[in-house]
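A short worksheet on the structure shown next.
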Number of protein chains: 2
Amino acid sequence: MELDTRKFKILQAIIKNYLETGEPVGSRTISKYTDLNLSSATIRNEMADLEELGYIIQPHTSAGRIPSDKGYRLYVDQMMSEKEEELNNREREVIELKEFLSEKVEKVEELLQDTAKLLANNTNYTSLISTPKYFKSLKFIQLSQVESGKLLCVVVLQGNVIKNKIIDLNKELDTETILKLNILFNNTLNGLTMEEINLALISRMTAQAGEHTELVRTILDVVAQALSGDDDLKIYTSGTTNIFKYPELSDSAKASELICTLEEKKLLTNLLVDKEHSEGKGIQIYIGAETPIQTMKDCSVVTATYELEDGVSGTIGIIGPKRMDYEKVVENLKTVKEQLDAVFKK
Amino acid sequence: MELDTRKFKILQAIIKNYLETGEPVGSRTISKYTDLNLSSATIRNEMADLEELGYIIQPHTSAGRIPSDKGYRLYVDQMMSEKEEELNNREREVIELKEFLSEKVEKVEELLQDTAKLLANNTNYTSLISTPKYFKSLKFIQLSQVESGKLLCVVVLQGNVIKNKIIDLNKELDTETILKLNILFNNTLNGLTMEEINLALISRMTAQAGEHTELVRTILDVVAQALSGDDDLKIYTSGTTNIFKYPELSDSAKASELICTLEEKKLLTNLLVDKEHSEGKGIQIYIGAETPIQTMKDCSVVTATYELEDGVSGTIGIIGPKRMDYEKVVENLKTVKEQLDAVFKK
DNA sequence: TGTTAGCACTCACTCTTTTAGAGTGCTAAT
DNA sequence: ATTAGCACTCTAAAAGAGTGAGTGCTAACA
């Protein structure tokens, strides 16, 4: 049995209607509100076929049909039109966003949090956003003695991201030595990435350091830590409570589980890696069981990746019920993505 | 009508029982499970009095009684015994905590987050913790040129808290000038607090700066920002979903409202200031409507303040239903507070 | 005078039954 | 191939009945 044009149309109508109303849709509704001019009985036959094909589901015998995961999949892959009429509204949104975002480019964290909040408010779903994985290369390093026995080590990375650490010295250092170390580090490592700092370089440095070999090693550790940027990955969420707007998610058990997942940010990293379901343009859609996070199997997740430069990127995402307004969400994500790209490039 | 010993005992029995069971408690229960040897009828009479006095409430005509806010207040103020037997258990807990905490003193943020998690797990309520308001005085300042036209400004505060900012210069600076500025700032401002940096000092500095007056001003702004520490106040929450364990909080509307409040960390700052209900030892208990946050009027909140040094402190708190196990919560908070004090003093 | 037994009464809860409505599947006619 | 018609299914909401915990009041008692 194949999906002919009529079945396709009917399926589309069912899904559209369900997305709008959130109620299972019956044959009569489709019969009335499509231009197919078919009686409900005919629709019923087709629906039975569609169910057999796995695109729709009957919650119980005497209910209408709702889309299955497979149905949704088909919808987002083939049915979601990018309506041109909506561009108008969209354009307005873009501008608002721009104004909103450009106010405070300073504090990246705050910017991201606000962006998440904006997204959550706009869509009425839960949003999440991860800090970008910045900076691959070293730009500048500054060592200075804060007080006796304490060496302040400031590392500036490409993209003007700054890390610092105070190192406890076991002996005193004179100003001259510190100056020398500063020059040594900056001359040797400037512009290099984690990978480019190899053993050859390191041994050259330790050789030059003379009696301060140990210290150089310690400082290199700090640099490594900074470059790895492991501990920088932060994930912000917003609009958690929006899930209560959707009865299918808001019973105590499910809500609790979901909110728990959102609180344990670490669990969310899975969402930020997988690119399997990417559909060009850096938008990924996970429907139901497709999501890499078990607890979200009753949700859909849409993510987008914003980029600063090659390979330096973060992720924004929306989590909502499977019957979310995918078009709106994708629109919003695209807009925000563009805005973020723009802001960071500046 | 006064609260004689018998009424006191009965009230205590009612509250204890209610805290344990979570069910309204009836006269028969009290009659059986106290050593007063009174019939249920007598208890009923007393209960009627206690209700008139405002200590207990009847949810509906044919239900037992539950404590009112006033009743809880009396309980935490006068009935909560610090049972010595519990000290044993407590001692064990302390040690566990110590091991747990001493692992990672490095990353304060992580430490606090983990502490919050620990508290939430231990108590089965929601926990919150605020970063300490550090550092009042300036320890060290370091200016250095990262690349042409960009000046890196690192400010180290008492307590080794580090802030940095990159300043865009409108003109080039030579190494000598930067050195001079470094010396100027460190000599003039070292060890001073926000308040001590007065206009006299500032004008002296700008005078000495010569053509770089404007730059000095900019740097002073950075210093001021760092010293104010406004943007440092962070609040972490954990165990949000624990509220679902308490039916009186977990209906959709209330839970949503609560979680929303917890998400909007800014709203929580109110909890961290007010000291009105402090009961020695830095433990504050807010019952129901007493809390400064409207949305928590069905909860009780217990907070403790941990201190680094005079006036430098943060707050830990527990949010739960009014029928929370106050003794346990207070124990836990005390323990954690002590641990944090110890860790930070080290 | 304080305490108690006894009893009628209240009210939330649970369980069952009823009803209404939406929607289906099947059959026979077109 | 499509449709009208009808019996059937199932949910959700409403209505009703029974249960039990707990009360308030009264009258008797020590």
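Every chain is numbered from 1, with letters handed out A, B, ... down the list of sequences.
Applying the salt bridge (charged side-chain N to carboxylate O under 4.0 Å, His left out) test to pairs two or more places apart or on separate chains, none has a residue in residues 236-247 of chain B.
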For residues 256-263 of chain B, which side-chain N or O atoms pair as donor and acceptor with protein atoms under 3.5 Å away, sequence neighbours left out?
unit_1: T261(B); atom_1: OG1; unit_2: E257(B); atom_2: O; d: 2.9
unit_1: T261(B); atom_1: OG1; unit_2: T295(B); atom_2: OG1; d: 2.8
unit_1: E263(B); atom_1: OE1; unit_2: G239(A); atom_2: N; d: 3.2
unit_1: E263(B); atom_1: OE2; unit_2: G239(A); atom_2: N; d: 3.3
unit_1: E263(B); atom_1: OE2; unit_2: T240(A); atom_2: N; d: 3.1
unit_1: E263(B); atom_1: OE2; unit_2: T240(A); atom_2: OG1; d: 2.4

Under 3.5 Å, which donor-acceptor pairs link side chains of residues 27-36 of chain B to any protein atom two or more places apart or in another chain?
unit_1: S27(B); atom_1: OG; unit_2: R44(B); atom_2: NH1; d: 3.2
unit_1: S31(B); atom_1: OG; unit_2: L38(B); atom_2: O; d: 2.8
unit_1: T34(B); atom_1: OG1; unit_2: I30(B); atom_2: O; d: 2.8

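Using modelled atom types, no side-chain atom of N17(B) and backbone atom of A13(B) make a donor-acceptor pair closer than 3.5 Å. Of the possible donor and acceptor atoms, one in the side chain of S68(A) sits under 3.5 Å from a partner among the backbone N and O of Y55(A). Between the T303(A) side chain and the I316(A) main chain, no donor and acceptor come within less than 3.5 Å of each other. A distance-only check finds a donor-acceptor pair linking the side chain of Q58(B) to the backbone of A63(B) [under 3.5 Å].
Between the CG atom of N45(B) and the C1' atom of dG22(D) there is a distance of 14 Å, rounded to whole Å. Remark: C1' of dT2(D) and CG of D49(A) are 14 Å apart, rounded to the nearest angstrom. One can place CD of E51(B) at 15 Å from P of dG22(D), the figure rounded to the nearest angstrom. Between the CE atom of M47(B) and the P atom of dA21(D) there is a distance of 16 Å, given to the nearest Å. Between the C1' atom of dG25(C) and the CD atom of E46(A) lies a distance of 15 Å, rounded to the nearest Å.
Counted within 6.0 Å of NZ on K265(B), heavy atoms from surrounding residues, nucleotides or ligands total more than 12; the atom is thus considered enclosed. For K9(A), the NZ atom is loosely surrounded, since the number of other residues' heavy atoms within 6.0 Å does not exceed 12.
By the side chain to side chain contact (heavy atoms under 4.5 Å, CB included) test, E20(B) is found to be paired with no residue, residues two or more places apart in sequence or in another chain being considered. For S238(B), there are no side-chain hydrogen bond (donor to acceptor under 3.5 Å, both in side chains) partners, not counting sequence neighbours. Contacts of S252(B) classified as side chain to side chain contact (heavy atoms under 4.5 Å, CB included), with partners at least two apart in sequence or in another chain: F244(A), S250(A). For the side chain to side chain contact (heavy atoms under 4.5 Å, CB included) test, residues two or more places apart in sequence or in another chain that qualify with Q78(B) are F8(B), L74(B).
A salt bridge between K322(B) and E248(B) is absent, with no side-chain N of the basic residue lying under 4.0 Å from a carboxylate O of the acidic one.
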Sub-3.5 Å pairs of nitrogen or oxygen atoms, protein against nucleotides 15-20 of chain C:
none

Detail all sub-3.5 Å separations between protein N/O atoms and N/O atoms belonging to nucleotides 28-30 of chain C.
none

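Checking dC26(C), dT2(D), dG6(C) against every side-chain atom of R44(B), the shortest atom distance belongs to dG6(C).
Axis angle between the ends of the helix from dT1(C)-dA30(D) to dT30(C)-dA1(D), five pairs each and rounded to 10 degrees, works out to 20°.
For the segment residues 57-66 of chain A, residues with any heavy atom less than 4.0 angstrom from an atom of DNA chain D are, sorted by number, H60(A), T61(A), S62(A). Within residues 17-43 of chain A, the residues that have a heavy atom under 4.0 Å from DNA chain D are, in order of number, N37(A), L38(A), S39(A), A41(A), T42(A).
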Hey, mind stepping through Y75(A) and E327(A) against side-chain contact (heavy atoms from CB on, under 4.5 Å) and telling me if it holds? CA-CA 10 Å; Y75(A) 174 76; E327(A) 302 203 6; 3.6 Å; yes
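Scanning all heavy atoms of the two residues, the minimum distance from G71(B) to I15(B) falls at O-CD1, 3.5 Å.
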